[in-house]
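These notes are about the structure you will find just below.
Numbering of ligands and ligand atoms starts at 1, following listing order. Computed over heavy atoms, backbone and side chain alike; hydrogens, waters and symmetry mates excluded.
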Amino acid sequence: MTVTRFAPSPNGPLHLGHAYAAIAAHDRARRDGGRFLLRIEDIDGARSRAEFAESTLEDLRWLGLQWDGEAIRQSDRIAAHADALDRLKRERLVYPCRCTRAEIAAAATRTGPDGPVYPGTCRGRHGAVDGPVAWRLDMAEAVYRAGPLVWEDEVHGLQVAAPEAFGDVVLGRKDAPGSYHLAVTLDDAADGISCVTRGMDLFASTHVHRLLQELLGLPVPVWHHHPLLLESDGRKLAKRRGSPSLADMRLAGEDGLALADALRAGRLPDGLHLGVEGEGAGDSLSDADMPI
Ligand code: GLU
């Protein structure tokens, strides 16, 4: 059975880009008579807010999108994230890192999909750990152990996994056992997601997720990366640049069902178009954004 999910991070109000993503995941499941799940990715303690999670539920109902089962809270899965990280520690695939963002920026010699690529300063340190550290994947070792991998995107075809561009990504944060990459990979498996439907801004991240599936023995879904709603300057919609929130439209009495149908039909509000912005790690716990 096809199982998809919409997995917003409650770091701010949803906007039209989120509506488009939720509709894409919902309709992809319903087309096959499958299940559509809602997972609130609320493990970023510094940025997640309960009120944004609440209004997400209201916004989806307003758009006529009914999810199956209870809304899932990623924060309920923290113990499973910690277990997976412990396994990777035992297998010496992750190492503790104390570098600050400024140190990394100063020492990095290349930029990857999530920002400056970690230069490997702490790689190979596996001794006792005292105090909060970030845990980084030893990418070269992980790629070597996993061997060649491919993944399938329904829209973009077969992809050869190339996670090396990210360098040694953070899998365990100083303030949470699972980074975005680790948490989303584990939770998609736990939720039985068969088709990971999400925006093209996360396309590159899928290379890392495919690698983690292999390292952790998780099932491999297919992916469906859809285009993004972009402003006339080619940038993703963002509340901070003045895109109206769904909550504002809902509270102003706009018709959510009509809006959803317009988005489905490609009738976009003035000034917006569908396309692909720079790829990266979505809204949530990107390595570039997060406290390490
Ligand atoms: N929570 C992520 C975000 O809001 C999306 C996760 C995903 O679809 O993989 O950017």
Can you name the closest pair of heavy atoms from [X] and [Y] and give their distance?
X: Gln213; Y: Pro221; value: NE2-CD, 3.4 Å
X: Ser205; Y: His181; value: OG-CE1, 3.5 Å
X: Leu274; Y: Leu229; value: CD2-CD2, 3.6 Å

Of all the heavy atoms in Phe6, does at least one lie under 4.0 Å from an atom in ligand 1?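 The answer is no, since Phe6 has no heavy atom less than 4.0 Å from ligand 1.
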Show me the side-chain donor-acceptor pairs of residues 254-262 shorter than 3.5 Å, one per line, residues at least two apart or across chains.
residue: Asp255; atom: OD1; partner: Leu257; partner atom: N; Å: 3.0
residue: Asp255; atom: OD1; partner: Ala258; partner atom: N; Å: 3.1
residue: Asp261; atom: OD1; partner: Arg264; partner atom: NH1; Å: 3.0

Say whether Val184, considering both its backbone and side-chain N or O atoms, lies within less than 3.5 Å of an N or O atom on ligand 1.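 Between Val184 and ligand 1 (N or O atoms, distance only) the closest approach is not under 3.5 Å.
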Going by the order shown, which atoms of ligand 1 are within less than 4.0 Å of some heavy atom of [X]?
X: Ser9; result: 1 (N), 2 (C), 3 (C), 4 (O)
X: Glu41; result: 1 (N), 2 (C), 5 (C), 6 (C)
X: Ala7; result: 1 (N), 2 (C), 4 (O), 5 (C), 6 (C)
X: Tyr180; result: 6 (C), 7 (C), 9 (O)

Suppose we screen for side-chain contact (heavy atoms from CB on, under 4.5 Å). Which residues come up paired with Ala161, at least two apart in sequence or across chains?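 side-chain contact (heavy atoms from CB on, under 4.5 Å) list for Ala161, sorted by chain: Leu149, Trp151, Pro163, His207, Arg210.
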Using a 4.0 Å heavy-atom threshold (strictly under), name the region of Leu202 that reaches ligand 1: side chain, backbone, both or neither.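 The part of Leu202 near ligand 1 is the side chain, not the backbone.
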Record the part of Arg5 in heavy-atom contact with ligand 1 below 4.0 Å; permitted values are side chain, backbone, both and neither.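 Near ligand 1, Arg5 shows its side chain, while the N, CA, C and O stay back.
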Taking the six-membered ring for Trp, are His226 and Tyr20 parallel (under 30°), tilted (30 to 60°) or perpendicular (over 60°)?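 Plane angle over 60°, so perpendicular.
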